[in-house]
Amino acid sequence: MERATSFEMEVVAGKTPVQYHIAKSSPASEYLLVCFAELDNADKPFDYLGEASNTDIHHRLFLMPPAKENNKITLAQYEKVTNELVESVAKKLKVNRKNIIITGYGESGTVAIYFAMRFHYNHTIAGDPKSLKNHYVFHQNVVKASLKGNQRVDHQFAQLHIEDFNRPQIYFYSGSSSKNYEDETKYLLDVLKDKQVLSTVCRRRNLGVAGFPDFLKSELCERTNQLTCEEIIAWQNDSKILAECVLPDYLMKDPSIEFAYYFYKIGEQEALHKTKYQKSPQYRYIAEDGGSYFVKVFIKRNKETITKNSGKIRITVAVDF
């Protein structure tokens, strides 16, 4: 999971230099994913998004923490510049502000939540927020409390004021150990609940960053109303193969979704049975011969189409003597 990533960086010019990288999607997406970078022990950005998250279907803006030589930058200065950059990039990519999604993991998760709450972005997907003490280290502001990591992470959010007219929603992943959860995470959750910005909490104890990509993918799909399928289940009932397409909850009542079922016997190129598109997420097929089969389902919503296969299923057909 902790693969170091390599980007060709650009830099925001001025008194508060911020390194960034823009990755445009093709075809152009209506959404922009703002990713605050998390660094490994060698100060290189590592991939907390993961291949499973399938984020490349959306525009992405990667934001680096302040360089160590720029140790006079405050958190307020950093986030002011990054907000101006985010809005500028969104305008160039023709992305509506309501379609900007903020994400981060670890220290960058803390920065992502703070950033979204301060500037009222609608959606933030964050994992295992931590105190800012290794990579996102900011100069102490003489007016505000120190942000150098000598305080519990929830203290950094307590003074933020949230307007009712534009209340951000935070989707929170916790893969930390029980000790870290008790020492820090639960206090941050209490603050976010009190401010009425906590939408989802996913607890995967001791799984760490390994569980974040799947959580991110699931939340991204729902926030962007993406056509997706959780699983194709196939099983035997007598000589019948029963297939069911399991959709996520947010798609269950969508009347525009249709399904077409293709039944294959393993080892044969052509499908033994095909259906036209239909509304039912379930279908059954009577197998004439025993053997190993799988089901391929085409899922259509208006002009969108995706496919997903079931696992292999072994069919036994009784023979009369």
Side-chain angles (χ1 to χ4, degrees), residues 25-27 29-31 49-58 123 125 171 173 175 199-204 207 210-321:
S25 66
S26 181
S29 172
E30 297 179 356
Y31 294 87
L49 299 177
E51 294 179 0
S53 62
N54 195 28
T55 59
D56 57 355
I57 64 173
H58 304 299
H123 304 294
I125 306 170
Y171 313 96
Y173 166 86
S199 180
T200 301
V201 178
C202 175
R203 178 78 171 117
R204 294 288 185 268
L207 194 55
F212 187 65
D214 285 334
F215 174 75
L216 176 62
K217 178 181 179 180
S218 175
E219 291 299 330
L220 272 178
C221 286
E222 185 166 357
R223 300 314 132 212
T224 60
N225 194 32
Q226 183 180 333
L227 180 61
T228 187
C229 170
E230 293 185 349
E231 186 180 10
I232 303 297
I233 302 173
W235 70 98
Q236 179 181 9
N237 183 1
D238 296 327
S239 61
K240 302 181 185 70
I241 302 174
L242 282 75
E244 180 178 1
C245 179
V246 181
L247 297 177
D249 290 343
Y250 68 92
L251 293 177
M252 291 289 286
K253 296 182 179 180
D254 189 330
S256 65
I257 296 178
E258 297 179 302
F259 311 86
Y261 299 85
Y262 284 38
F263 292 81
Y264 289 86
K265 189 173 184 179
I266 291 178
E268 298 185 13
Q269 294 294 321
E270 294 295 322
L272 296 178
H273 181 69
K274 302 177 182 179
T275 75
K276 295 181 179 179
Y277 279 104
Q278 59 183 48
K279 293 292 186 180
S280 175
Q282 297 179 333
Y283 189 82
R284 63 182 182 179
Y285 165 67
I286 299 177
E288 297 180 355
D289 301 309
S292 295
Y293 292 79
F294 74 93
V295 185
K296 182 174 187 177
V297 182
F298 292 78
I299 307 154
K300 183 174 73 170
R301 179 178 63 181
N302 301 323
K303 295 182 179 180
E304 293 180 272
T305 303
I306 62 171
T307 64
K308 195 173 183 69
N309 294 348
S310 72
K312 181 173 68 174
I313 176 173
R314 180 72 182 176
I315 298 297
T316 303
V317 177
V319 178
D320 294 330
F321 291 95

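Note that these values count all heavy atoms, side chains included, but never hydrogens, waters or copies made by symmetry.
- By the 4.5 Å heavy-atom criterion applied to side chains, Val295 and Ile313 are not counted as neighbours.
- Tyr261 places a side-chain N or O within donor-acceptor distance of the main-chain N or O of Gln282, the cut-off being under 3.5 Å.
- If you take OG on Ser218 and CZ on Arg223, they are separated by 8.0 Å, rounding to the nearest 0.5 Å.
- Counting heavy atoms from C-beta on, the side chains of Cys245 and Ile299 come closer than 4.5 Å.
- Sparse packing is recorded around CZ of Arg284, with 12 or fewer heavy atoms of other residues, nucleotides or ligands lying under 6.0 Å away.
- To the nearest 0.5 Å, atoms OG (Ser310) and OH (Tyr264) are separated by 11.5 Å.
- Looking at residues two or more places apart in sequence or on another chain, you find a ring pair (Phe, Tyr, Trp, His ring centres under 6.0 Å) between Tyr173 and Phe212, Phe215.
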message: What verdict does the side-chain contact (heavy atoms from CB on, under 4.5 Å) test give for Phe259 and Leu247, after you've listed the backbone C-alpha separation in whole Å, the side-chain angles of each residue and the deciding distance to 0.1 Å?
response: CA-CA 11 Å; Phe259 311 86; Leu247 297 177; 3.9 Å; yes
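- Of all heavy-atom pairs between Ile315 and Ala287, the closest is CG2-CB, 4.1 Å.
- Every residue meeting the ring pair (Phe, Tyr, Trp, His ring centres under 6.0 Å) condition with Tyr262, not counting sequence neighbours, appears here in chain and number order: Phe298.
- Screening residues 294-313 for salt bridge (charged side-chain N to carboxylate O under 4.0 Å, His left out) gives Asp254-Arg301, Glu258-Lys300, Arg301-Glu304 as the qualifying pairs, with residues at least two apart or on separate chains.
- The aromatic rings of His273 and Tyr283 sit parallel, their planes meeting at an angle under 30°, below the 60° perpendicular limit.
- Under a cut-off of 6.0 angstrom, the local environment of CG in Asp249 is sparse, with at most 12 non-hydrogen atoms contributed by other residues, nucleotides or ligands.
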- request: Determine, step by step, whether Leu220 and Tyr31 satisfy the side-chain contact (heavy atoms from CB on, under 4.5 Å) criterion, reporting the C-alpha distance in whole Å, the side-chain angles of both residues, the deciding distance to 0.1 Å, and the verdict.
  value: CA-CA 10 Å; Leu220 272 178; Tyr31 294 87; over 6 Å; no
